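Residue numbers begin at 1 in each chain, while the letters A, B, ... track the order of the sequences. We use all heavy atoms of the structure for the numbers below, so side chains are in, but hydrogens, waters and symmetry mates are not. Model, not experiment: these values are computed from the prediction.
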Amino acid sequence: MPPAAVRILYHTIVAGLVVAALFLSARLYLGGEPLVGAGVLLVAGLAAVTYLRAKAYTWRYLFPGLLGFAVFVLFPLGYTVYVSFTNYSSANLLRFPQVVRYFETETYLAGDTRYSFALHRVGGEPATYVIALSPPGDESIRYATTPVALDPPPAEPVPVAADNPVPDSPPLALREVIPLRGLLQALSLELPDETLLTNTGLREFGPRLPLWRHNPEDDSFTNVQNGARIVPDHSIGRFVHATDSEIAAAGTPYGPGFRTFIGISNYTRVFTDKGIQGPFIRIFIWTIVFALGSVALSLAVGMTLAVLLEWKQLHGRKLYRTLLVLPYAVPAFISILIFKGLFNQNFGEINLLLNALFGIRPEWFADPLLAKVMILIVNTWLGFPYMMIVCTGILQSVPDTIYEASAIDGSNALHDFFKLTLPLIWQPLFPLLVASFAFNFNNFLLIYLLTGGGPDMVGAATVAGQTDILVSYTFRIAFRDTAQNFGYASAIATIIFVIVALLAWWNLKHQKT
Amino acid sequence: MGSVSIQSLDKIYPAAGKNPAFHAVKGIDLEIQDGEFMVLVGPSGCGKSTTLRMIAGLEDISGGTISIDRSTVNDLLPKDRGIAMVFQNYALYPHMNLFENMAFGLKLARTPKEEVMRRVTDAARILGLEQILDRKPAALSGGQRQRVAVGRAIVRDPKVFLFDEPLSNLDAKMRVSMRSEISKLHSRLKTTMIYVTHDQVEAMTMGDRICVMKDGRIMQVADPLTLYHQPENLFVASFIGSPPMNLLRGRVERREGRLVFVEAAESDAVFVPLAGALAQRAEKNLGHEVVLGLRPEAIYDEARGADTTPLRARVELSELMGSETNVYLKTGAGTVIARLHTERRFAVGEELVVYLALAKAHLFDAKTERVIR
Amino acid sequence: MKASTIRRLKLTLAHVFLVGFLVLTLTPFLMIIAISFRRGDLAIGALVPVGDNFSLEHWKYVLGIPYEAPGADGQPRIIRATTPVLLWFWNSLKVATVASACIILLSGTAAYAFARMRFALRGLLLKSLLVLQVFPMVLALVALYALLQLIGDFLPPFGLNTHPGLILTYLGGIAIYIWMIKGYFDTIPVSIEESAKIDGATHFQAFVRILLPMSAPIFAVVFILSFISHISEYPIASVVLQTERQWTLAVGAQSFLYEQNYLWGKFAATAVLSGLPITALFLACQRFLISGLTSGGVKE
Ligand SMILES: Nc1ncnc2c1ncn2[C@@H]1O[C@H](COP(=O)(O)OP(=O)(O)OP(=O)(O)O)[C@@H](O)[C@H]1O
Ligand SMILES: [Mg+2]
């Protein structure tokens, strides 16, 4: 292709992408997400500048990667920190405007006026119906809807009018109405005077009125039936009764909760709430023990094997190495689940063997100590090949001549290892050990798939297991607990992030020197 | 056609991270004639490569202008400057065979197939690479790789060839033969060549003219012989020549009515009477700090008429080079090296009288380091 | 004793130790293979699948082939798999392959800029990438979930419960790969690209036609590492993918081991079926990978 054609093609592609982004941004804006729309617009603008201005050349290479990183790492990170300062949870799921709308749409069945109705099937696929209404005691007046599909029920109130035609076909018999009852109840009709009607029985519709009167100046609501007034309490994210009344004492929460900023209380809870503090500290300690233990054990095994396999006179070193790498080569989720099955208390092959040999059936998943031991065994098994590979790589960079020199000096193997090898390989090994520690600190997959954190701790305010590490604990609080306390989970996530980020930063600095 | 003109050229590497900004080339001026073989020499880090890379367009110019063929090229891309460059590490494309390596530029320029074919085979013939055109660089010896790199430059048919230490990765023998090949290539193509090296033998043997640089400045531009015999300053004097020129620090004094050079030394100072042209030059610097420079080959083991001045010294070390011997003599503040045309063996510690050919000596102002004329 | 006798004794001891250790290490694999051929889902009676104990039922189940087995009433019934194991495997392959390809694209270009260009913020950006990347994505699931929900509202093919959506969430994890590729680029002399520029190549041409072909080994390493890590990715997939037919193997395999519905034999067959090709891939590329793991990793 001639260069001019390439340039035209390039500009066309860039322009096409920018137009697509503009379109998406407009849709987002119209779809009620103005902020996100503005974000997309900004990105599209940056992209246009980057890809069309010669000066921004460098950023053309960086843009896609940094965009991916920003959207799928930075944003989630920032969002998590943001959520950690809110009370976001299953009890405080909605945003404030959504809760206001909830109260605005709540209605009650007013008075005892009842309209009788008849249901006419019009046909079609899906079937449409006409609902005909008569005011109480006056069969002569008939309001009717236009033909309307009942399944799924229309979301908006269906208007009825006196001049809509009613089909000639006979209305449905009672036994034909009964199966449609659920659908009818989900429907609301709107009289010409804007009164809303809902289905109140097999033969009747009754008028519904808004239950709450909104007082926009302080966003409070007054109950039109009993006069109770509720006001939003933004410090706890609930509406509460404003005054004492026979219905409820002042300050009693009412209705669904909403998301609100609660300052640092998710963080202070970690240190003050007894039901949380105890488990948190125990989980924290176990996380450290687990991570350190895993690194130490797999390093010990991996290093021993690496040193042994460096022995030139040993035959079959290559075969040994290949077979020993297997635990690392098999995808971790498979190995972990294999161990989960093998260690199973009742059906597992390990207990089968132990029972046959020694007559014991250890409770690997119910006993906290045994569960921890099992986790360390499995993680050592999973981790030693990596350590072996790494140690082999580093060991091979140690010149043979120093061993020859020390042999002449009359040294032995152990002395060689501790006095020569270890000091020499420590420098390159150390950063890898720190990285390995950080990895295990967050080794969610192992804990979650193997024990799921169990056995559970008793007396904890949230779900908390004896073998939970911080990440799995956090994950369970957010996703596997009925309370779904996202705010608290995010606070712990933020703490974890600070710890591992400091570790990574320190490691990076350490490497330089 | 291929003249290169450099005017007050500056290069400042901007500060990056912890490294402060660095002024690598400080306002140099250099005129290179069409067809000339110009060598840039200087110690490591003096800015030779930086200058060359600015000519090539690989490095931004911080100030000044560079013109090739009388038109300014400051803002041109490398490919539009009519240059070709040979790198120290050859910089061959490892995933392409020799033919593709040499044809890459032509293909990018959409040269017709037959033309590519013709030019590559021509270049290959000149360099004796015809038999191995389908090999990859990894399957070549160092010398062959270097030839491919040169071939790639030839194929571009440039107005100016740029070489950045092209021979420093070769062994000593290979270097000598490639050196003469490049010289031959120059006399055959008659194209301007700019050649960077820090090997002064390369500089002296190959260059029509040599540009000596130090710390981002040009110290002297001249043909090899002028450079050798008439160094402008102490740096050039000490840089060119091997073993280097003997440099004795001291002052000019009048003793008993005669001008003498007295070395500044604790004891055993060299003390030489000055005569003739040298005395005239020295007279103007009576009482000043000066440096007396004398090449090792201007010291003899026997008196040659009245022009030579005897000097008594003790042998510290002697290196037998075959037809001649480098003798390191302990005297005054340091060591004086003499290159003696003799096959006689010298014992360490032996007392020796050598004769200095002061007519060939140079005098430098110790402060300005410039030659005294 | 003579020195040579001692040496021979030591060598024998080393072999005994290594073989013993290997047996211990590989037993779980041997067991899982045996279990996949063993009749029934519970370890009753023998461990080894011989004679009456041998059955291909789990394999048939996993491969979706109908087979006969005794029902609850003792009468033989035809059983057809209800769990789409092969589909999960295909889903996993698809997600991991596409994600790795995209990751190579993103990290390769970024690594080029970091290795070859000088710009403001370069050092800071490189380090921040590495430090920020340590944040485990498990913990950001709330945000990722909300993000995919939003994307799904406006671009349905990229929403929750879709594979493109899941792949999107994997595209943030490029920092470590950027560092690896940059480390490799750093070992390639710049003069080769400069030479190409003198030959008339643009920046982009020098990148695509010179640097990329020379860097094939590191791209292979990055592809395989990313592939393996995304095949094994569980937490994000388990939250993003909600219906059984969308699951990846990592999500699906776990469903065999619910206490209430313990399908040990079927799990074993699934594990062998899916573990074999990935393990084979790893071993085949081991030479590459090990050099990728030990060097080039994180160094400037
Ligand atoms: N990219 C850069 N950023 C900052 N300083 C640089 C850069 N490149 C070179 N320099 C500095 O500029 C000076 C001149 O470098 P240059 O490469 O031109 O030296 P040289 O004369 O070619 O030396 P050598 O004989 O060792 O190749 C050196 O001090 C070097 O440290
Ligand atoms: Mg240089």
Query raised in the report: Side chain, backbone, both or neither: which part of A:A438 has a heavy atom under 4.5 Å from chain C?
Result: neither
**Report entry** Winner by heavy-atom pair count (cut-off under 4.5 Å) against chain A, out of C:I174, C:T25, C:L171, C:L24
**Finding:** C:T25
Query - Within 6.0 angstrom of C:F119 CZ, more than 12 heavy atoms from elsewhere - result: yes
Query raised in the report: Ring centroid separation for C:Y112 and A:Y61, is it under 6.0 angstrom?
Result: yes
Query raised in the report: Using non-hydrogen atoms only, which part of C:I32 is less than 4.5 Å away from chain A: side chain, backbone, both, or neither?
Result: side chain
Query raised in the report: Relative to chain C, which segment of A:R480 carries a heavy atom at a distance below 4.5 Å: side chain, backbone, both, or neither?
Result: side chain
**Report entry** Near-ring test A:F72/C:Y170, centroid separation under 6.0 angstrom
**Finding:** no
Query raised in the report: Is the CH2 atom of A:W59 crowded by more than 12 outside heavy atoms at less than 6.0 Å?
Result: yes
Query - chain A contact via C:A146 - side chain, backbone, both or neither, heavy atoms under 4.5 Å - result: side chain
Query - Which atoms of C:Y145 approach chain A - backbone, side chain, both or neither, heavy atom under 4.5 Å - result: neither
Requested in this report: Just jot down the side-chain contact (heavy atoms from CB on, under 4.5 Å) partners of C:I278, sequence neighbours excluded, or say none.
Outcome: A:P331, C:I228, C:I231
Query raised in the report: Of the backbone (N, CA, C, O) and the side chain (C-beta and beyond), which part of A:Y82 lies under 4.5 Å from a heavy atom of chain C, both, or neither?
Result: neither
Query raised in the report: Between C:L276 and chain A, which part of the residue has a heavy atom less than 4.5 Å away: side chain, backbone, both or neither?
Result: neither
Requested in this report: Identify which part of C:F207 has an atom lying under 4.5 Å from any heavy atom of chain A, answering side chain, backbone, both or neither.
Outcome: side chain
Query - 4.5 Å side-chain heavy-atom contact, C:V134 and A:L503 - result: no
Query - Top of A:N442, A:V500, A:L337 for chain C proximity - count of heavy-atom pairs under 4.5 angstrom - result: A:L337
Query raised in the report: Can you check whether A:E349 reaches C:T27 side chain to side chain, under 4.5 Å on heavy atoms?
Result: no
Query raised in the report: What distance do A:F497 atom CZ and C:L139 atom CG have between them, rounded to the nearest 0.5 Å?
Result: 10.5 Å
Query raised in the report: Does atom OH of A:Y10 have more than 12 heavy-atom neighbours from other groups under 6.0 Å away?
Result: yes
Report task. Name the member of A:F69, A:Y79, A:Y448 that forms the most heavy-atom pairs with chain C at distances under 4.5 Å. Result -> A:F69
Report summary line: Closest heavy-atom pair, A:I334 versus C:F267, reported as atoms and distance to 0.1 Å, is O-CZ, 4.0 Å
Report summary line: Heavy atoms of A:I338 and C:W264 approach each other most closely as O-CH2, 3.4 Å
Report summary line: Bottom line for A:L24: the part with an atom under 4.5 Å from chain C's heavy atoms is side chain
**Report entry** Heavy-atom proximity to chain A below 4.5 Å, by part of C:L249
**Finding:** both
Query - Contact origin within A:V301 toward chain C - heavy atom pairs under 4.5 Å - result: side chain
Requested in this report: Hey, can you tell me if A:Y57 and C:H203 have their rings parallel, tilted or perpendicular (30° and 60° cut-offs)?
Outcome: perpendicular
Query raised in the report: Would A:F384 and C:F21 count as a close aromatic pair, with their ring centres under 6.0 Å?
Result: yes
Query raised in the report: Does any heavy atom of chain C fall under 4.5 Å from the side chain of A:L74, the backbone, both, or neither of them?
Result: side chain
Query - Heavy atoms from other residues, nucleotides or ligands near CZ of C:R8 exceed 12 (cutoff 6.0 Å) - result: no
Report summary line: Under 4.5 Å to a heavy atom of chain A? For C:F154 that would be both
Report summary line: Minimal heavy-atom distance between C:A253 and A:F333, with the atoms involved, is CB-CE1, 4.0 Å
